[in-house]
Number of protein chains: 2
Amino acid sequence: MDEQGPEGRGQKPRARGLHDRLLESLGPAITAGDYPPGTVLRTDELERHYDVSRTVVREAVRVLESMHLVESRRRVGVTVRPTEEWDVFDPQVIRWRLAGPDRPRQLRSLTALRSAIEPAAAALAAEHATPEQCAELTEHALNMVATSRGQQLPAYLIHDVAFHRVILRASGNEMFARLGDVVAEVLTGRTQHRVMFSDPDPEAVTLHVRVAEAVRAGDAEAAERYTKEITVGALRELDILAP
Amino acid sequence: MDEQGPEGRGQKPRARGLHDRLLESLGPAITAGDYPPGTVLRTDELERHYDVSRTVVREAVRVLESMHLVESRRRVGVTVRPTEEWDVFDPQVIRWRLAGPDRPRQLRSLTALRSAIEPAAAALAAEHATPEQCAELTEHALNMVATSRGQQLPAYLIHDVAFHRVILRASGNEMFARLGDVVAEVLTGRTQHRVMFSDPDPEAVTLHVRVAEAVRAGDAEAAERYTKEITVGALRELDILAP
DNA sequence: CGTGACTTAAAAGTCATACTTATTTGATGG
DNA sequence: CCATCAAATAAGTATGACTTTTAAGTCACG
């Protein structure tokens with residue numbers, strides 16, 4: 001059960017070495033709570049357990065340490081740190097937690113984050129977007145309309161993700177831009193719960209078109225407002241699914 | 001000028017080992033652009049240059065790799081990745097960049113982030129804050145008032161930071177909560193540019209009191225609005241300093 | 001008894017070296 | 001000109017010897 005299922009969308013370069021493999025074992029285990037905070041791991045234990053050399057164990061531990069998942073101290077061992085100290089923004093940590101038992105909680109946090117960030121990003125995008133980005137935006141919005149009916153959810157999703165990526169990138173803020181992956185994860189994650197048969201909310205589709213228009217028109221206020229409505233919808237959706 | 005000044009508030013446990021020391025050399029160097037994207041470092045070169053063993057170099061490189069600052073490939077070496085791929089949310093990367101030449105740019109990104117997140121956090125805080133947190137909030141707000149006049153900026157700053165930390169924590173969203181450190185960094189960073197003689201903007205001080213009141217009253221809308229005004233003020237301040 | 005200084009041992013940290021594996025480059029041959 | 005194969009290169013892994021930090025236990029002294 002070590003071979004984790006095929007979840008990657010292509011941007012996650014599966015384990016390329018022993019240390020990566022170990023990391024992909026330990027990381028999920030820790031974030032899933034298999035090793036609760038306070039647990040002490042000893043390197044030679046890990047060596048034996050995973051049948052790898054010290055080199056490999058140390059490298060994996062070092063990375064976990066940089067994520068603040070564990071702390072390594074002499075004469076003590078490698079201690080799992082309390083949850084509040086984890087680097088919750090680390091994409092890898094996010095991935096691990098999304099794959100684990102507190103996926104719902106994580107999804108909520110991320111959706112709240114989205115609904116704070118994306119409207120602001122849209123407002124900035126209205127001011128900074130290049131003509132090309134505006135074009136991309138309307139194109140994706142139109143494609144969303146086109147694929148919004150009749151069991152075309154996978155195609156719809158692709159354009160939905162792309163749309164939001166462009167918005168974030170067009171904001172001109174590098175930090176917002178970097179949230180593209182996270183948003184993608186959330187959006188695709190949603191469809192795994194939502195039944196595949198139900199078509200997307202028509203109102204949401206319309207809103208995307210409106211956002212594209214607003215950005216093109218340079219109307220920051222409108223872009224922000226419509227985006228806010230989209231994300232509020234996403235929040236509401238969560239409340240319905242798990243109230 | 002390698003000994004970075006005493007900026008830590010105690011939560012950054014300076015280098016505890018050789019690998020940390022190496023990391024604290026390479027990280028800043030890369031984020032500062034001393035090794036521009038595309039540069040290839042070879043491990044044995046680093047070994048000699050920093051006079052450390054293979055083990056140490058590999059561990060440092062592994063961590064840099066987990067931050068997506070570099071990519072290590074066989075038969076090629078350790079390549080510095082393009083800026084857009086860096087993990088801009090990694091606290092350590094943020095620190096390095098704040099200490100480097102594109103500090104202004106970084107400060108702008110972070111302030112934009114703040115102004116997106118904090119209002120949302122305040123709204124959530126109005127709904128979720130415990131009585132204790134409300135008390136802390138008003139206390140810090142009052143202390144801000146008390147220290148807002150007459151060259152007491154350091155004391156003022158402490159309460160300012162604490163105030164925003166409580167808001168973020170009280171939001172009940174773990175991701176918002178984790179931004180406390182970042183906000184602290186931005187707030188303290190501001191005062192290094194702002195001249196130490198000028199007292200803080202009285203209007204901003206008042207707004208903090210209002211936010212505290214709104215949160216205590218459970219008025220999410222007001223809490224969000226007043227917080228928005230605070231962060232907008234911070235944005236405006238940036239525009240004035242570097243338009 | 002309690003308290004402080006000293007000793008001890010456990011575990012991580014570091015180093016040097018030998019060996020393995022993937023990958024680029026380029027040479028060879030069809 | 002393209003495909004295939006060979007060699008060289010740099011990272012990856014393994015291992016044993018040694019160092020350093022530090023928790024914990026011990027003992028002497030107040």
Side-chain angles (χ1 to χ4, degrees), chain A residues 2-3 8 10 12-27 29-30 35-82 85 92, chain B residues 10 12-27 29-30 35 37-82 85 92:
Chain A
D2 262 25
E3 345 287 338
K12 172 192 329 162
R14 70 261 113 239
R16 299 171 336 273
L18 287 190
H19 52 84
D20 269 299
R21 200 140 47 226
L22 179 56
L23 199 63
E24 289 299 323
S25 288
L26 282 178
I30 292 173
Y35 300 108
T39 307
V40 178
L41 310 164
R42 261 171 270 93
T43 44
D44 55 308
E45 235 174 51
L46 293 172
E47 273 177 63
R48 277 192 306 266
H49 189 334
Y50 292 94
D51 192 40
V52 288
S53 72
R54 271 213 303 304
T55 321
V56 170
V57 172
R58 302 198 88 254
E59 287 171 23
V61 166
R62 202 91 293 144
V63 172
L64 292 173
E65 200 175 23
S66 90
M67 297 167 173
H68 293 87
L69 292 184
V70 303
E71 186 183 3
S72 176
R73 295 182 57 195
R74 279 178 155 145
R75 173 62 209 250
V76 174
V78 177
T79 316
V80 178
R81 301 180 86 174
E85 296 176 9
Q92 203 151 33
Chain B
K12 173 192 330 161
R14 71 255 110 247
R16 297 167 342 272
L18 287 188
H19 52 84
D20 268 301
R21 200 140 46 225
L22 179 55
L23 199 63
E24 288 300 323
S25 287
L26 282 178
I30 292 173
Y35 300 108
T39 306
V40 177
L41 310 165
R42 262 172 265 90
T43 43
D44 55 309
E45 235 174 53
L46 294 172
E47 272 178 66
R48 276 193 306 266
H49 189 335
Y50 291 94
D51 192 40
V52 289
S53 72
R54 194 86 165 282
T55 322
V56 170
V57 172
R58 302 200 87 255
E59 287 172 24
V61 167
R62 203 90 297 142
V63 171
L64 292 173
E65 199 175 24
S66 90
M67 296 168 175
H68 293 86
L69 292 184
V70 303
E71 186 183 6
S72 176
R73 294 182 56 196
R74 276 179 154 143
R75 173 61 211 248
V76 173
V78 177
T79 316
V80 178
R81 302 180 83 172
E85 297 177 8
Q92 204 150 33

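Lettering of chains follows the sequences in order, A, B, ..., and the numbering in each one begins at 1. Side chains are part of it too, since the values below use all heavy atoms of this structure and drop only hydrogens, waters and symmetry mates. Please read these numbers as outputs of a predicted model, since none were measured by experiment.
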Item to complete: Could you grab the distance from atom NE2 of A/H49 to atom CD of A/E47, nearest 0.5 Å is fine?
Response: 13.5 Å
Worksheet item: Just how far is it from atom CG of A/L64 to atom CG of A/L22, taken to the nearest 0.5 Å?
Response: 7.5 Å
Worksheet item: Going from OG on A/S53 to CD on A/E59, what distance comes out if it is rounded to the nearest 0.5 angstrom?
Response: 8.0 Å
Worksheet item: Between A/T55 and B/V76, which has a closest nucleotide on DNA chain D that is more 5'?
Response: B/V76
Worksheet item: Hey, is B/R62 close enough to B/E65 for a salt bridge, meaning N to O under 4.0 Å?
Response: yes
Fill in: Outermost DNA chain D nucleotides near chain B [under 4.0 Å, heavy atoms]
D/dA8 to D/dT13
Discussion item. How close do A/L26 and A/L46 get, counting heavy atoms only, and between which atoms?
Written reply: CD2-CD2, 4.2 Å
Worksheet item: Between residues 57-75 of chain A and DNA chain D, which residues have a heavy-atom gap below 4.0 Å?
Response: A/R73, A/R74, A/R75
Worksheet item: Taking CZ from B/R54 and P from C/dA18, how many angstroms apart are they, rounded to a whole number?
Response: 12 Å
Worksheet item: When all nucleic acid strands are considered with a 4.0 Å heavy-atom cut-off, which category describes A/L41: base, sugar-phosphate, or nothing?
Response: sugar-phosphate
Discussion item. As an exercise, state the distance from NE2 of A/H68 to CZ of A/R81, rounded to the nearest 0.5 Å.
Written reply: 5.0 Å
Fill in: Integer-rounded Å distance: C/dA16 P and B/L18 CG
11 Å
For residues 71-78 of chain B, run the donor-acceptor check on the side chains, cut-off 3.5 Å, and write out each pair with its distance to 0.1 Å, sequence neighbours left out.
none

Worksheet item: Whole-Å distance between C/dG13 P and A/L46 CG?
Response: 12 Å
Response to the item:
Shortest non-hydrogen pair, A/V80 vs A/Y35, comes out as CG1-O, 3.5 Å
